[in-house]
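The residues of the chain are indexed from 1 along the displayed sequence. These values consider heavy atoms only, across backbone and side chains, with no hydrogens, waters or symmetry-generated copies. Model, not experiment: these values are computed from the prediction.
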Amino acid sequence: MPASVVSSVFVLIWASGFVAARFVAPHAEAFTFVAIRVVGVSVVLTAIAFALGARWPSHRTGWRDALVAGVLMQGIYVIGVFWSVERGLPSGIAALVGSLQPLLTAAMARPFLGEIVSLRRWLGIATGFAGALLVLAPKVGAADASGIPVVPLVACLGAMAAMTVGTLWQKSHSGQADLLSNAAIQFVGASLLAVPAALLFGTGRFDASLPLWGGLAWSILVNSVAGILLLLALIKRGEVAGVASLLFLVPPVSAAMAYALFGEGLVPVQMAGMAVAAVGVAIASRR
């Protein structure tokens, strides 16, 4: 299959994750759903890793580094997104906030990793955040149905920050790790956070309806497992830069899905801001 097709499918799968959060919200409480999801993904990925003979860490530090990254990237981030969408944050806005993570990572690369940030990348960062402000500012706190609730927005921003810290941690600690086994361990780490969080803060609401089981299966097998396997295939083909440049399509694709399924819409200035943010991410992601 051509790499461009694989990349496009990967973007569609990634975008669907934000829509899945909106889809399951009426049927399950966020903490409970995420706990079941990450446990399921950890079981499936671990089985695949053993079946394919993946290399597991030989030292405790390797396990520690992957577990910490999992808590941040697959635990706090996913819980934050699902909780925010459950509390009324439009899934397209959640996708936009998530798309800003590469910009924040680039901005923090120098102080945390010692990487030099080029002028072009700074231009992309500034453009991306300007676009995000155009999307968010008109509707933050608005009382109408299209408004953006402040507390869920802040929670989603916090989740994005956790993803950024996890990305920086992984870049600095997991350079030689086997990608498949590392992904499996990350979801084990997420489970170690999500299960206690669900027991402490969740309500246990899980109506076991057919839509919920379908959403859970999609989140585990397609959005997580298939998405990760596609990413690994692209990395093996040397297409990482192409994936990075395509990720700016995630917010508009997610917004289009949310409009078709749930009637979520954006006013013109927000659509323009999403386009500006996409340009910023594209500029900052170029190599």
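Of the inter-residue distances, the one linking Ile93 atom CD1 with Leu153 atom CG reads 8.5 Å to the nearest 0.5 angstrom. Annotation: the span from Phe18 atom CZ to Asn223 atom CG amounts to 8.5 Å, rounded to 0.5 Å. Distance check, rounded to the nearest 0.5 Å: NE2 of His27 to CG of Leu210 gives 9.5 Å. To the nearest 0.5 Å, the span separating CH2 on Trp56 from OG on Ser58 amounts to 13.5 Å. Rounded to the nearest 0.5 angstrom, Leu52 CG and Asp178 CG are separated by 9.5 Å. To the nearest 0.5 angstrom, Leu89 atom CG is 13.0 Å from Phe82 atom CZ.
Clustering ILVMFWY residues whenever any of their side-chain heavy atoms sit less than 4.5 angstrom apart, transitively, puts Phe50 in a cluster other than the one holding Leu179. Residues Trp218 and Leu229 share a single hydrophobic cluster, defined by chaining ILVMFWY side chains whose heavy atoms lie under 4.5 Å apart. Clustering ILVMFWY residues whenever any of their side-chain heavy atoms sit less than 4.5 angstrom apart, transitively, puts Val68 in the very cluster that holds Tyr77. Follow the hydrophobic side-chain contacts under 4.5 Å out from Ile76 and you never reach Leu67; the two are in separate clusters. Ile185 and Val43 are not part of a single hydrophobic cluster, where members link through side-chain heavy atoms under 4.5 Å apart.
Scanning both residues, Ala155 and Ser84, for their nearest heavy atoms gives CB-OG, 3.5 Å. The two residues Gly80 and Ala159 come nearest to each other via the heavy atoms CA-CB, 3.8 Å. Across all their heavy atoms, Arg87 and Pro149 have their closest contact at O-CG, 4.0 Å. Taking every heavy atom of both residues into account, Val85 and Ala94 meet most closely at CG2-CB, 4.0 Å. The shortest non-hydrogen separation linking Phe31 to Gly202 is CB-CA, 4.0 Å. The shortest non-hydrogen separation linking Ser191 to Ser42 is OG-OG, 3.8 Å.
Residues Val44 and Phe187 form no side-chain contact, since every pair of their non-hydrogen atoms from C-beta on lies 4.5 Å or further apart. Contact annotation: the side chain of Leu12 approaches that of Met257 to within less than 4.5 Å [non-hydrogen atoms, C-beta and beyond]. Looking at heavy atoms from C-beta onward, Ile79 lies out of side-chain contact with Phe201 at the 4.5 angstrom threshold.
Distance alone, capped at 3.5 Å, is enough to place a donor-acceptor pair between the Ser16 side chain and the Ile13 backbone. Of the possible polar contacts, none joining the Ser91 side chain to the Val19 backbone as a donor-acceptor pair under 3.5 Å is found. Although no hydrogens or angles enter the test, the distance criterion places a donor-acceptor pair under 3.5 Å between the side chain of Ser224 and the main chain of Ser219.
Evaluation of the side-chain hydrogen bond (donor to acceptor under 3.5 Å, both in side chains) rule for Arg22 yields Glu264 as partners, not counting sequence neighbours. Among residues two or more places apart in sequence or in another chain, the side-chain hydrogen bond (donor to acceptor under 3.5 Å, both in side chains) test is passed with Thr164 by none. With sequence neighbours left out, the side-chain hydrogen bond (donor to acceptor under 3.5 Å, both in side chains) criterion links Thr46 to no other residue.
Residue pairs meeting the salt bridge (charged side-chain N to carboxylate O under 4.0 Å, His left out) criterion with at least one member in residues 31-53: none, sequence neighbours excluded. Among residues at least two apart or in separate chains, there is no salt bridge (charged side-chain N to carboxylate O under 4.0 Å, His left out) pair with a member in residues 150-170. For residues 202-220, the salt bridge (charged side-chain N to carboxylate O under 4.0 Å, His left out) pairs, not counting sequence neighbours, are Glu86-Arg205.
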- Task: Show your reasoning for whether side-chain contact (heavy atoms from CB on, under 4.5 Å) applies to Val151 and Trp83.
- Result: CA-CA 10 Å; Val151 174; Trp83 186 90; 3.9 Å; yes
- Would you check, one step at a time, whether the test side-chain contact (heavy atoms from CB on, under 4.5 Å) holds for Val71 with Trp169? CA-CA 11 Å; Val71 167; Trp169 175 272; over 6 Å; no
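The aromatic ring centroids of Trp213 and Phe206 lie less than 6.0 Å from each other.
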